[in-house]
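Order of appearance sets the numbers: ligands from 1, and atoms from 1 within every ligand. Any value given below was found using the heavy atoms of this structure, including those in side chains, with hydrogens, waters and symmetry copies removed. All residue numbers refer to positions in the sequence shown, counting from 1.
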Amino acid sequence: MKITVENPEDGADIEALLDLAFGTERGGKTVYRLREGVDPVAELGGVIREDGVLKGSLRFWPIVLGDDRAPALLLGPVAVAPEDRGKGYARALIWNGLGIAAKIGYRIVLLVGDEPYYAQFGFKRHLAMGLDLPGPVDPARFLGLELVHGALAGIRGMVHKASPGEALPFAAATMRQRGE
Ligand SMILES: CC(C)(COP(=O)(O)OP(=O)(O)OC[C@H]1O[C@@H](n2cnc3c(N)ncnc32)[C@H](O)[C@@H]1OP(=O)(O)O)[C@@H](O)C(=O)NCCC(=O)NCCS
């Protein structure tokens, strides 16, 4: 199993996989308020293909937190083809994505998902407790992860979608400027 960085040609297959995994009405969920009109973080889009067929996808969106607009990431959506679930594909995509995120300087990741699954990566409910999303979610499913210990300490308030380029940490912005 090999993870590659998503490229524009993957887009249609990813949409089809997400329709299958979440249904075509998924855009109504609160997390989509944070994705509307914003591109996912290009460096962090991961895909798994086997014999050309898309088997798994993970994207991260740039967000900013509170009035100080602290840069962070929203993890998801993550989806794996139904016939390939339980093989560790999502786990591999998530570890891979979190590793790159930390390397390019992100400090905080949030998501809305099942704590029993995401706890293995270190996501915790209490880390997101001071934050609000722009719509209803089950509070038990709103989770945070600190890629740098203490990164969420004292961060409170509303989670906003990022303006273009706003939530890029310094290392990622530099890499983009250099075309790496
Ligand atoms: C959730 C999903 C991405 C997991 O993909 P996957 O490649 O099968 O995941 P992994 O192989 O890394 O992990 C599978 C393990 O996690 C468990 N697991 C999967 N989803 C879980 C959940 N929501 N809560 C708790 N455990 C879960 C499985 O039971 C399995 O356990 P096992 O290893 O003891 O058998 C996949 O099931 C999927 O695409 N589901 C539909 C879309 C979805 O719900 N995405 C996540 C939204 S937050």
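Ion pairing between Glu6 and Arg59 holds under the 4.0 Å rule for side-chain N and carboxylate O.
When side chains are defined from C-beta on, Ile100 does not count as touching Tyr106, because their heavy atoms never get closer than 4.5 Å. In this structure the side chain of Asp13 reaches within 4.5 angstrom of the side chain of Arg49, judged on heavy atoms.
The aromatic rings of Phe121 and Phe123 sit perpendicular to each other, their planes meeting at more than 60°, with 30° as the lower class boundary.
There is a side-chain donor-acceptor pair under 3.5 Å between Tyr89 and Glu50.
When Leu127, Leu74, Leu75, Leu44 are each tested for a side chain to side chain contact (heavy atoms under 4.5 Å, CB included) with Val109, only one passes: Leu75.
The immediate protein surroundings of ligand 1, defined as residues with any heavy atom under 4.0 Å of it, consist of Ala21, Phe22, Val78, Ala79, Val80, Arg85, Gly86, Lys87, Gly88, Tyr89, Ala90, Arg91, Val112, Gly113, Asp114, Tyr117, Tyr118.
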